[in-house]
Student: 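Here it is: the structure, laid out below.
Values reported hereafter were calculated over all heavy atoms of this structure, with side chains retained and with hydrogens, waters and symmetry mates removed.
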Amino acid sequence: MGAEDYWMIYVPRGFAHGFQTLEDDTQVDYEITPAYVPAAAMGIRFDDGTLKIPWPVKEKVISQRDRNLPFFSGLACKFE
């Protein structure tokens with residue numbers, strides 16, 4: 001694999017984001033700043049009907065953590 005086989009995307013602080021690979025055996029690596037603090041991690045359900053995200057492929061592998069995230073309407077948080 002060469003440098004031309006890798007893609008990068010920048011997601012600004014405070015933006016929700018999700019990943020879905022479209023091919024088997026795809027590797028996704030990501031970095032965050034500041035360092036990851038599990039107790040402070042938040043998320044939104046990938047299948048939240050309110051958000052109407054048109055995922056290109058029906059989900060195959062979803063982590064237990066992501067399956068248990070709250071729906072957007074259930075979030076009670078303060079954004080900076």
Student: Determine yes or no for a side-chain-to-main-chain donor-acceptor pair under 3.5 angstrom, with Asp66 supplying the side chain and Ile62 the backbone.
Tutor: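 No: the side chain of Asp66 does not pair with the backbone of Ile62.
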
Student: Could you check whether any side-chain N or O of Trp55 sits under 3.5 Å from a backbone N or O of Phe46, counting only pairs where one atom can act as donor and the other as acceptor?
Tutor: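 Looks like yes, one N/O pair under 3.5 Å.
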
Student: Do you know which two heavy atoms are closest between Leu69 and Gly43, and how far apart they sit?
Tutor: CD2-CA, 3.8 Å

Student: Are Ile44 and Pro70 side-chain neighbours, meaning at least one heavy-atom pair lies under 4.5 Å?
Tutor: no

Student: Over all heavy atoms of both residues, which pair between Asp48 and Ser73 is shortest? Give the atoms and the distance, please.
Tutor: OD2-N, 4.3 Å

Student: For Phe72, is there any backbone N or O sitting under 3.5 Å from a side-chain donor or acceptor partner on Arg45?
Tutor: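 Between the backbone of Phe72 and the side chain of Arg45 there is no qualifying donor-acceptor contact (under 3.5 Å).
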
Student: Is there a path of hydrophobic side-chain contacts, each under 4.5 Å between heavy atoms of I, L, V, M, F, W or Y residues, that connects Phe19 with Tyr36?
Tutor: yes

Student: Enter the distance from Thr21:OG1 to Gln27:CD here, rounded to the nearest 0.5 Å.
Tutor: 11.5 Å

Student: Can you tell me how far apart NZ (Lys58) and CG (Asp47) are? Round to the nearest 0.5 Å.
Tutor: 9.0 Å

Student: Working to the nearest 0.5 angstrom, can you tell me the gap between Phe71 CZ and Leu51 CG?
Tutor: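 Answer for the CZ-CG pair, Phe71 versus Leu51, is 10.0 Å.
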
